[in-house]
Amino acid sequence: MTDRGARRITYTGFYDGESRPVRGVVPTEAVITLHVNGQVLVRLICTPTDLEELALGFLQNEGLIEGLNQVAVVRPCSGGEGVEVWLEHDIETPVVRSITSGCSGGTTFEDVKSAQHEVVSDLLVTPDQVTALMDQLSDEAALYRRAGGVHTAALAAADGTGLVCLAEDVGRHNTLDKIAGSCLRKGMSTRDHILLTSGRVSSEMVSKVARMNVPVIVSRTSPTTLSIDLAQAWGVTLIGYTRRRSFRVYAGQERVIPER
């Protein structure tokens, strides 16, 4: 199957020293231009799926919009290489753009070290819940299973009902923007949910999660030192290296309890 998220190609495979042509699938990577109020705001390197959600989530996570009521129009540009957004208010395009440590060079306009995103929540999680949700994330990563080379993230309900929103992209930061945008369009709050991700948790990931008022991040791999510092400062529980029967808590251990 070929879609905007993946493409069939023919490559040369070597097996026991002999080569042969092989038909396979690789993830799609594209440069998408985000136009806001008639001006180019940013170019995003991403998997070109759910682009309107990506645009809305990016704007929300950058603090440029607070809700869908501030958006007059969101639509794909002709040719499918961009998204056009018109807001109900003017914005000043930030002058300083920093390239994040995301795999595909994500862009953020925010100085994450100076931002204040304290998350207040009574949410609690158990070890069994953490590992079961990460297993579910792996089970539902359809694009990853088909093509590989992408990150998966999901928002999970704390009441044990499972995943409520899932996104896949070549950029792990883009998956969070897609989730934020999807929830914004559905009128669904992200507050008091659990964020699961297959990728490394860096500072801009914690910043986006905190803006979404999500109190718990669970990753399959490692956080960075700055992401740990920010999670501790903002009251975010940060869990990494999650496997079937183990994980590590780097910040906010008080939210992880043996029983519920």
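- Rounding to the nearest 0.5 Å gives a distance of 11.0 Å between NE2 of His35 and CH2 of Trp86.
- No donor-acceptor pair closer than 3.5 Å links the side chain of Asp135 to the backbone N or O of Arg244.
- Surrounding CG of Asp90 are at most 12 heavy atoms belonging to other residues, nucleotides or ligands under 6.0 Å away.
- Judged by distance alone, with hydrogens and angles left aside, the side-chain atoms of Gln70 form a donor-acceptor pair with the main-chain N or O of Glu66 at under 3.5 Å.
- For residues 68-82, every residue pair satisfying the salt bridge (charged side-chain N to carboxylate O under 4.0 Å, His left out) rule, not counting sequence neighbours, is listed here: Arg75-Glu84.
- Ala231 and Val206 get closest at one heavy-atom pair: N-CG1, 4.0 Å.
- Legend: salt bridge (charged side-chain N to carboxylate O under 4.0 Å, His left out) pairs involving residues 245-258, not counting sequence neighbours: none detected.
- Ile32 has its side chain out of reach of Leu34: every pair of non-hydrogen atoms, C-beta onward, lies at least 4.5 Å apart.
- Atom CG of Leu230 is separated from atom CE of Met205 by 13.0 Å, given to the nearest 0.5 angstrom.
- Side-chain atoms of Thr242 come within 3.5 Å of backbone N or O of Ser219 as a donor-acceptor pair.
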Worked verdict on Val256 versus Phe247 for side-chain contact (heavy atoms from CB on, under 4.5 Å): CA-CA 11 Å; Val256 183; Phe247 54 83; 4.1 Å; yes
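- By the 4.5 Å heavy-atom criterion applied to side chains, Asn61 and His173 are not counted as neighbours.
- Side chains of Val22 and Tyr15 form a contact here, defined as non-hydrogen atoms less than 4.5 Å apart.
- The cluster map of Ile, Leu, Val, Met, Phe, Trp and Tyr, joined by side-chain heavy atoms under 4.5 Å apart, puts Val26 and Tyr144 in different clusters.
- At a threshold of 4.5 Å between side-chain heavy atoms, the hydrophobic network of Ile, Leu, Val, Met, Phe, Trp and Tyr places Tyr241 and Leu226 in one connected group.
- Residues Leu87 and Asn37 come closest through the heavy atom pair N-OD1, 2.8 Å.
- The CG atom of Leu163 sits 9.0 Å away from atom CG of Leu155, with the distance rounded to the nearest 0.5 Å.
- Distance alone, capped at 3.5 Å, is enough to place a donor-acceptor pair between the Ser227 side chain and the Thr224 backbone.
- Of the possible donor and acceptor atoms, one in the side chain of Thr28 sits under 3.5 Å from a partner among the backbone N and O of Ala6.
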Could you tabulate the donor-acceptor pairs under 3.5 Å formed by side-chain atoms of residues 178-199, not counting sequence neighbours?
residue, atom, partner, partner atom, Å
Lys178, NZ, Thr47, O, 3.1
Lys178, NZ, Thr49, O, 2.9
Lys178, NZ, Thr49, OG1, 3.1
Lys178, NZ, Glu168, O, 3.4
Lys178, NZ, Asp169, OD2, 2.7
Arg185, NH1, Glu52, OE1, 2.9
Arg185, NH1, Glu53, OE2, 3.3
Arg185, NH2, Glu52, OE1, 2.9
Ser189, OG, Arg191, N, 3.1
Thr190, OG1, Met212, O, 2.5
Asp192, OD1, Ser121, OG, 2.5
His193, ND1, Thr190, O, 3.3
His193, ND1, Arg191, O, 2.9
Thr197, OG1, Gly199, N, 3.1
Ser198, OG, His151, ND1, 3.4
Ser198, OG, Thr152, N, 2.9
Ser198, OG, Thr152, O, 3.4

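- With Thr237 contributing its side chain and Val216 its backbone, the two residues share no donor-acceptor pair below 3.5 Å.
- When every heavy atom of Ala210 is checked against every heavy atom of Trp234, the shortest pair comes out as CB-CE3, 3.8 Å.
- Taking every heavy atom of both residues into account, Gly162 and Leu133 meet most closely at CA-CD2, 4.2 Å.
- Here the shortest heavy-atom pairing between Leu143 and Gly5 reads CD1-O, 3.6 Å.
- Hydrophobic clustering of Ile, Leu, Val, Met, Phe, Trp and Tyr side chains at less than 4.5 Å, counting indirect connections, unites Val83 with Leu68.
- The neighbour count for Glu88 CD, taken as heavy atoms of other residues, nucleotides or ligands under 6.0 Å away, is above 12.
- Taking 4.5 Å as the limit, every side-chain heavy atom of Gln60 sits out of range of all side-chain heavy atoms of Arg211.
- Tested against Leu64, the residues Leu41, Val85, Val36 include a single side-chain contact (heavy atoms from CB on, under 4.5 Å) partner, Leu41.
- Looking at Arg146, its side chain never comes within 3.5 Å of a backbone N or O of Ala141 through a donor-acceptor pair.
- Distance check: Glu29 CD to Arg7 CZ gives 11.0 Å after rounding to the nearest 0.5 Å.
- A donor atom on one side chain and an acceptor atom on the other are found under 3.5 Å apart for Arg172 and Ser202.
- Between Pro223 and Leu238, the shortest heavy-atom distance links the atoms CB-CD2, 3.7 Å.
- Between His89 and Ile65, the closest side-chain pair of non-hydrogen atoms falls below 4.5 Å.
- Here the straight-line distance linking atom CZ of Arg23 with atom OH of Tyr11 works out to 10.5 Å at 0.5 Å rounding.
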